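Heads up, the thing below is written out as structure tokens.
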Amino acid sequence: MFEFCTNPETLGDFQWFACYFTTGKLFNFYGSFVTVLVLLFITAPTALAFGFLGAMSARSHVAPVSWLGKAYIAIVRGVPDIAFFMFFVIALDQGFEYLRHQALCPDWDQPIRQGNDFIVCAQAKLPLSTSDQWVHEVYGFFLAVLTFSIVFGAFAANVLFGAMRAVPHGQMETAEAYGMSHRQAFWRVLVPQMWMYAMPGLGNLWMILIKATPLLFLLGVEDIVYWARELGGSINPRFTDYPHGDWRAQFFFGLLVFYLCFTRVSEIAFDRLSRRLAHGQAIATGGAS
Amino acid sequence: MSCIETIQDYALRSIGIGERLLPKTDFTLCQQFTLIGSGMIWNLYFGALALLVGFFIASAVAVGKSARSPWLRKPSEWFIFVFRGSPLFIQFFFAYVMFLKVKQAGYMPWLTSAQAGALIVLILNTSAYSGEIFNGALKAVPRGDIEAAKAYGITGWSRFRRITWPTMLRLAWPAYTNEAIFLFHATTLVFFSGFPTWRQQGDALYYASYFADKTFNPFVPYPILAGYFILLTLCVIGLYGLVNKRLNRHLPAERKRKLRIRPNLIR
């Protein structure tokens with residue numbers, strides 16, 4: 001990177017670190033922060049959409065739909081989310097492959113589950129065994145995003161369901177007195193007002209989501225935890241120009257600080273946002289007076 | 001091999017009693033139920049001990065955070081901030097590497113084992129979360145209660161122990177129940193976060209993922225695990241509900257706080 005980096009053994013401390021922090025491997029580490037941020041910014045809206053659907057179906061007047069929504073909300077309460085993560089990544093993968101198998105190879109006569117193996121025809125493999133490495137990585141990341149969205153969608157559904165019920169009943173009655181249909185009242189009165197009640201819950205959820213991102217490591221994505229372990233381990237001078245001892249503690253300390261800053265900044269942002277949303281509302285902390 | 005034999009061989013496998021080798025082929029449902037259930041022993045161990053010890057530390061932290069002296073307040077605030085602001089997963093990794101360094105320096109080699117090291121992390125983590133909950137409740141203790149205590153001449157430690165603390169617990173209990181549920185869920189992370197398993201003695205998720213890896217079929221072991229955890233969650237809610245009843249027993253019926261479980265709003 002820098003010109004003086006040609007012979008690292010002769011460098012002083014400061015220059016040594018300047019060179020070390022600009023080696024190619026370290027850029028993989030920096031890139032993994034982007035991976036985490038991308039995951040967060042795709043997952044958050046998707047999970048919110050899933051949550052909205054879940055909350056709407058839980059409110060439905062059709063009994064089976066409402067059971068489905070309520071079951072979706074209830075199941076995440078009792079079970080550790082990490083179990084869901086590990087389940088969905090395999091289950092979704094096999095589900096996709098099974099569907100493609102049904103569509104692409106109709107004249108396949110062997111059973112798909114043979115003992116301890118899951119066998120689909122070669123065309124149905126996801127991603128195809130001939131595709132490049134990056135396709136595999138993107139597919140793995142896509143599965144992770146979907147898994148996160150399903151799990152956090154259930155959390156969000158619970159928050160939104162509560163928020164919809166927290167909107168004062170008089171508001172809906174007034175809307176109907178003005179002649180709005182059920183659907184109109186829902187979209188024009190209930191939905192705009194519920195955000196204020198949902199805000200504390202959603203803010204909390206965002207924090208949980210941030211703190212769940214290291215679990216990407218368990219889903220096989222090369223995220224910050226993966227690189228911190230990889231780069232932090234002691235390196236022999238034979239394999240690198242920048243040998244060092246066991247630096248995992250330093251790397252993990254860096255991650256700890258990163259997460260602390262991230263959650264703190266989010267906390268402040270959410271405080272501001274909820275104060276703005278409460279503006280003009282007739283509640284104790286609102287700015288109505 | 002009948003199911004009874006399987007249970008005899010594997011029911012206590014996670015603490016090293018019974019058959020030494022895990023099943024390798026021809027997995028039966030019975031084996032999966034037994035081994036995953038056996039792993040629950042560790043989840044119970046981590047969760048129960050962390051809650052027990054964490055409860056007292058949390059009370060101290062809550063009092064410390066509302067103390068007037070900055071020497072008490074600042075450390076409590078930072079403790080809560082660090083453990084609530086960072087992922088438990090990273091805390092486990094960081095703690096494990098630190099414990100490893102301590103071991104290499106020649107002190108306390110037992111710290112790197114999951115039974116001790118991970119338990120310490122869980123204790124500190126739950127202390128921070130519960131400390132924040134207790135601190136919120138401490139601020140919500142009705143002023144009238146304290147004034148009544150003052151009028152009766154109850155002061156100092158006696159007032160804290162007999163008036164403030166029980167009221168704080170009563171107010172915090174619903175949220176604290178959620179924290180307990182979440183802590184039991186968090187115990188599944190232990191063996192995936194650097195802490196090694198010793199002779200394949202792992203927790204429920206460890207065995208569930210073992211079966212999922214071997215059979216390449218997630219649809220059996222994970223629902224079994226989910227079933228066990230739903231049972232555990234119901235037990236926790238039941239037990240904490242009993243305590244909640246006792247904490248509220250002096251109140252007239254209509255003012256009793258019902259235990260409402262909304263886990264995701266807390267953590």
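No hydrogens, no waters, no symmetry mates; every other heavy atom, side chains included, goes into these values. Please read these numbers as outputs of a predicted model, since none were measured by experiment. Per chain, numbering begins at 1; letters A, B, ... match sequence-line order.
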Taking A:E267 for its side chain and B:G85 for its backbone only, find out whether a donor-acceptor pair lies under 3.5 Å.
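Side chain of A:E267 to backbone of B:G85, a donor-acceptor pair under 3.5 Å: no, none is there.
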Residue, of A:A249, A:A228, A:G162, A:G203, that accumulates the most heavy atom pairs under 4.5 Å with chain B
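With the most close heavy-atom pairs to chain B, the winner is A:A249.
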Can you tell which of A:F251, A:F88, A:F253 has the highest number of heavy-atom pairs within less than 4.5 Å of chain B?
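Highest number of pairs under 4.5 Å: A:F253.
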Looking only at heavy atoms, which two atoms of [X] and [Y] are closest? And how far apart?
X: A:I82; Y: B:F192; answer: CD1-CD1, 4.5 Å
X: B:Y222; Y: A:A83; answer: CD2-O, 4.2 Å
X: B:R84; Y: A:K211; answer: O-NZ, 2.7 Å
X: B:A226; Y: A:V79; answer: CB-CG2, 3.7 Å
X: B:S209; Y: A:M86; answer: CB-CE, 4.0 Å
X: A:Y259; Y: B:S86; answer: CB-CA, 4.3 Å

Contacting region of [X] [heavy-atom separation from chain A under 4.5 Å]:
X: B:V236; value: neither
X: B:F81; value: both
X: B:L100; value: side chain
X: B:F94; value: both

Quick one: which of B:T187, B:L205, B:L231 has the most heavy-atom pairs under 4.5 Å with chain A, could you say?
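It is B:L205.
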According to the interplanar angle, ranging from 0 to 90°, do the rings of B:F93 and A:F217 count as parallel (below 30°), tilted (30 to 60°) or perpendicular (above 60°)?
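Judged by the thresholds at 30° and 60°, the geometry between B:F93 and A:F217 is perpendicular.
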How many angstroms lie between [atom1] in [X] and [atom2] in [Y], if you round to the nearest 0.5 Å?
X: B:L88; Y: A:L215; atom1: CG; atom2: CG; value: 9.5 Å
X: A:I90; Y: B:T215; atom1: CD1; atom2: OG1; value: 8.0 Å
X: A:R248; Y: B:M98; atom1: CZ; atom2: CE; value: 12.0 Å
X: B:L225; Y: A:F84; atom1: CG; atom2: CZ; value: 10.0 Å
X: A:L255; Y: B:F89; atom1: CG; atom2: CZ; value: 11.0 Å
X: A:F87; Y: B:F219; atom1: CZ; atom2: CZ; value: 5.0 Å

Relative to chain B, which segment of A:L218 carries a heavy atom at a distance below 4.5 Å: side chain, backbone, both, or neither?
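For A:L218, the side chain is the part near chain B, not the backbone.
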